[in-house]
> 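Here it is, the structure, as structure tokens.
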2 protein chains.
Amino acid sequence: MSTAASSTPKGARARARIEVTAAIKEQARRQLAADGAAKLSLRAVARDLGVVSSALYRYFPSRDDLLTALIIDAYNAVGESAETARDEHADAGPRDRWTAVCEAVRQWALTHPHEYALIHGSPVPGYTAPETTIPAAARVGQVFIGILRDAHQGLGVAKPPLPADLRPEAERMAADFAPDLPPETVAALIAAWAQLYGLIGFEVFGQFNRVVEDRDRFFRHAVSQLAHGVGLVYPQTGPTAAAPR
Amino acid sequence: MSTAASSTPKGARARARIEVTAAIKEQARRQLAADGAAKLSLRAVARDLGVVSSALYRYFPSRDDLLTALIIDAYNAVGESAETARDEHADAGPRDRWTAVCEAVRQWALTHPHEYALIHGSPVPGYTAPETTIPAAARVGQVFIGILRDAHQGLGVAKPPLPADLRPEAERMAADFAPDLPPETVAALIAAWAQLYGLIGFEVFGQFNRVVEDRDRFFRHAVSQLAHGVGLVYPQTGPTAAAPR
DNA sequence: CAAAAAAGAGAGCACTGCTCTTGCAATAGA
DNA sequence: TCTATTGCAAGAGCAGTGCTCTCTTTTTTG
């Protein structure tokens with residue numbers, strides 16, 4: 001109250017707390033990048049910070065809470081990458097924007113493999129992410145939804161096929177996530193979303209070693225096919241152009 | 001070299017060693033299923049086996065070696081599931097066989113989530129799978145290749161699109177993995193392979209929680225689209241049938 | 001039958017997450 | 001401004017981990 005600004009409302013102690021919390025996360029992220037989540041040790045973080053290990057428990061009640069904080073940060077980082085890519089391609093068509101966002105997510109994953117593993121690898125042992133992570137986790141998906149929303153206000157978007165027995169589920173998903181999009185599109189989008197992370201995961205986790213060499217081109221083509229699958233069709237995009245009648 | 005028989009060549013000691021090794025793996029697999037890879041503890045396995053922890057090191061030089069053994073077993077288990085599904089649908093058309101194999105892999109993953117995480121989740125910290133795992137890891141892929149091989153000897157298979165700049169890579173991959181298949185098909189197959197594991201991973205790791213409810217139908221449709229993508233097209237399968245001219 | 005190899009037991013080292021108590025410093029209320 | 005409260009870090013300690021080493025017993029082998 002005494003100091004004016006709104007960003008640092010409390011006294012020196014509160015400010016210090018914020019800084020220390022950030023320093024802990026930063027150091028933890030460094031260890032994460034170096035050795036992976038399972039070798040992330042509270043004691044090592046404390047050691048590197050020149051502080052005793054029990055002191056960290058004033059900031060994070062447990063190792064899992066530290067991990068949760070890092071998970072949220074990771075979701076936000078990849079979400080921000082996606083949003084930036086979208087904004088930088090605001091003038092491009094929906095399909096190019098789609099490609100750019102996929103590429104951005106991939107690049108983030110390749111640059112931060114351990115953080116990617118944290119959010120899209122096997123959940124850390126017996127650990128289930130708390131609800132706090134949900135909004136951060138949704139950001140990338142929202143970007144994709146936005147792209148398709150835009151596409152639907154223009155032209156050049158087709159309705160993906162949808163079997164009759166999946167229609168109720170597709171309508172439910174559409175109502176939950178994008179009421180302004182057709183159920184066909186929402187269902188296809190969710191599938192494409194999962195498949196995108198399959199492609200990225202295989203590359204990040206080394207499953208493509210000795211299999212795919214020219215990964216840039218391979219990914220670009222796969223993503224183009226995914227775009228096709230959600231209805232983002234160029235007027236003339238090859239022999240398999242979707243032709244909804 | 002000296003003793004003749006191939007199944008139980010050595011004396012009682014060698015037989016005991018095989019049994020103990022199997023018991024260790026079995027107990028470890030139990031712990032894995034219960035708590036996940038990161039909580040798998042050599043000491044706990046030894047305790048449950050009524051033996052002192054250092055004794056296990058006579059059988060597995062390190063915890064990572066135990067994990068590697070479990071990884072190989074897991075690859076073989078899912079590979080066997082895939083092969084069984086293929087054989088049980090030997091009379092069906094390639095597309096139905098494709099669907100059956102995908103479904104089998106998914107079911108195995110849902111039944112053994114922690115083992116699935118072992119082979120397709122984030123690699124255990126700082127751990128890189130040794131070359132020993134390669135043949136076991138390839139089994140599922142071989143099943144898919146076989147299905148497409150069969151399909152190419154019959155009808156009802158289309159060539160997926162392939163951009164010109166990806167053709168060299170596609171030809172290289174085809175030469176490496178399936179010289180008798182067209183490069184277009186091999187490239188599409190590898191993409192579909194990764195995407196399949198994206199779908200399964202999202203389901204196993206809970207990313208579909210609160211998103212997809214009717215997962216059986218959703219998966220079935222997605223897999224049908226994947227089949228379409230690799231050229232396994234029914235004569236009349238909807239508006240987006242591939243039509244290579 | 002004796003020498004060699006294999007297996008288990010047990011102690012011990014360095015490390016982990018986490019808890020609890022103790023002393024110190026910053027804050028807030030009178 | 002003085003004092004009571006609160007926040008923080010330090011240190012010791014517990015139970016657990018992977019792994020190594022030595023020692024004894026048992027089995028195999030020459």
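From a predicted model like this one, the values you see are computed outputs, not experimental measurements. Naming convention: chains lettered A, B, ... in sequence-line order (proteins, then strands); numbering from 1 in each chain. All values below come from the heavy atoms of this structure, side chains included, with hydrogens, waters and symmetry mates left out.
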> Would you please confirm or rule out a distance under 4.0 Å between OP1 or OP2 of D:dT17 and any side-chain N or O of B:Arg63?
no
> What residues form a side-chain contact (heavy atoms from CB on, under 4.5 Å) with A:Ala192, not counting sequence neighbours?
A:Trp98, A:Leu226, A:Val230
> Which residues satisfy the salt bridge (charged side-chain N to carboxylate O under 4.0 Å, His left out) test with B:Glu103, sequence neighbours excluded?
B:Arg106, B:Arg220
> Could I get the full list of side chain to side chain donor-acceptor pair (under 3.5 Å) partners for A:His112, not counting sequence neighbours?
A:Trp108
> Please tell me if B:Arg13 has a side-chain N or O lying less than 4.0 Å from either OP1 or OP2 of C:dA7.
no
> Is any side-chain N of the basic residue among B:Arg15 and B:Glu19 closer than 4.0 Å to the acidic one's carboxylate O?
no
> Within the structure shown, what part of the strands sits under 4.0 Å from B:Leu56 by heavy-atom distance: base, sugar-phosphate, or nothing?
nothing
> Check every strand shown and say whether A:Leu49 touches a base, only sugar-phosphate, or nothing at a heavy-atom separation below 4.0 Å.
nothing
> For residues 79-89 of chain B, which residue pairs qualify under salt bridge (Lys or Arg N to Asp or Glu O under 4.0 Å), counting only residues two or more places apart or in two chains?
B:Glu83-B:Arg139
> Mind checking A:Phe60 for me? I need base, sugar-phosphate or nothing, with any heavy atom below 4.0 Å counting as a touch.
nothing
> In terms of side-chain heavy atoms of B:Ala44, which of C:dA7, D:dT17, D:dT20 is nearest?
D:dT17
> Nearest to the side chain of A:Val51, heavy atoms from C-beta on, is which of D:dT27, D:dC19, D:dA9?
D:dA9
> Looking only at side-chain N and O atoms, does B:Tyr59 come under 4.0 Å of OP1 or OP2 in C:dG8?
yes
> Output one line per pair: protein atom, nucleotide atom from nucleotides 12-16 of chain D, and distance, for all N/O pairs under 3.5 Å.
residue	atom	partner	partner atom	Å
D:dG13	O6	A:Arg43	NH2	3.3

> Can you name the side-chain contact (heavy atoms from CB on, under 4.5 Å) partners of A:Ser54, sequence neighbours left out?
A:Val52
> Let me spell it out: for each of B:Val20 and A:Leu42, pick the nucleotide of DNA chain C with the closest heavy atom. Which residue's pick is nearer the 5' end?
B:Val20
> So, does the side chain of B:Arg58 form a donor-acceptor pair with the base of C:dA6 at under 3.5 Å?
no
